[in-house]
Engineer: 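Pasting a structure here, questions to come.
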Amino acid sequence: MKIFKDKISLQKEILNKPISFIPTMGGLHKGHISLIKRSKKFKKKTLVSIFVNPRQFNKKSDYRSYPRNKLKDVSILKNLNVNYLYIPSVKDIYGFKPKHKLYLDKFSKKLCGKFRKGHFEGVINVMNRLIQIIKPKTIFMGKKDYQQLFLIKKFISRHKINSKIIECNTVRQANGVAFSSRNSLLKPNDIKIASRIYYFINKIKKKFDVYNFNFLKTEMIKLGASKVDYIENYNIKKNFIKSKKYNKNCKIFIAYYIKNVRLIDNI
Ligand code: AMP
């Protein structure tokens, strides 16, 4: 595996090579690994980036405490026979003017966009730059972050960028909790709370229309959540329309805290 810390040397290496790209913020886990394994099945070179993007954090303390484990990440990626790892500095990413303007679909105002001001601007900004540097043929992204995935797809199609997004299923622990870098900030009992919340949402989702937000929030707090940002039902097949009734085209989107750790999922 070749490791690059600056875009000039990376670009020299990958020029004219078809690239499959997996953008990450590190703290690698089985969710990331599934994306990489899927990419390895394509006859392209696999490039993983690790960049904890400061602009997508709305709180400095959250940016500072975000799990980082470079040595472990490098060892995981070597074992997976990843071709290239790009670990840029903030200057390498933000020290140039990108070709494309940021485009945020109106859905960026909903869900996490409502509770994390500037978050999706930061996400689209970094993806705009990474795509310009790498020019990937395919990009692998997880449905765990469905709103992010949707907004990046809208950005790519708006600018007619020649990169295809491959949507990958959410990988979960046996107890239902979705793998997430932030899980490493949780204690075993906190993981049990996250698991109970996962099963609770699964249990109520078919009757979602009979419950109101306050009831669901109170139930989640009883199960151990410290705070609930949202529990909303969207039809993801119909261009993300908020829906009262749950059906097979719907997902329940949740964001909540266990102590000061914010978790998101869609079930
Ligand atoms: P992150 O490092 O959290 O920015 O995530 C990098 C990529 O991994 C994103 O496309 C995520 O959606 C994806 N991802 C994160 N967790 C999971 C998971 N549990 N299952 C599948 N993909 C995931």
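Every number for a ligand or one of its atoms is a count from 1 in the order of the listing.
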Engineer: Using a 4.0 angstrom limit on heavy atoms, which residues are close to ligand 1?
Structural biologist: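 Those residues closer than 4.0 Å to ligand 1 by some heavy atom are Pro23, Thr24, Met25, His29, Gly31, His32, Leu35, Tyr66, Met141, Gly142, Lys144, Asp145, Asn169, Thr170, Val171, Phe179.
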
Engineer: Hey, mind stepping through Phe42 and Phe140 against ring pair (Phe, Tyr, Trp, His ring centres under 6.0 Å) and telling me if it holds?
Structural biologist: CA-CA 11 Å; Phe42 285 58; Phe140 294 79; 5.2 Å; yes

Engineer: State plainly whether the residues Lys117 and Glu121 are in salt-bridge range, i.e. N to O under 4.0 Å.
Structural biologist: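 No, Lys117 and Glu121 are not salt-bridged.
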
Engineer: Do Val52 and Leu28 belong to the same hydrophobic cluster, where Ile, Leu, Val, Met, Phe, Trp and Tyr are linked whenever their side-chain heavy atoms lie under 4.5 Å apart, directly or via other members?
Structural biologist: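 Different clusters: Val52 never reaches Leu28 through Ile, Leu, Val, Met, Phe, Trp or Tyr contacts under 4.5 Å.
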
Engineer: Hey, does the side chain of His159 reach the backbone of Lys154 with a donor-acceptor pair shorter than 3.5 angstrom?
Structural biologist: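 Absent.
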
Engineer: Going by side chain to side chain contact (heavy atoms under 4.5 Å, CB included), name the residues that satisfy it together with Ser108, two or more places apart in sequence or in a different chain.
Structural biologist: Leu104, Phe120, Leu151

Engineer: Side chains of Tyr146 and Gln148: donor-acceptor distance under 3.5 Å anywhere?
Structural biologist: no

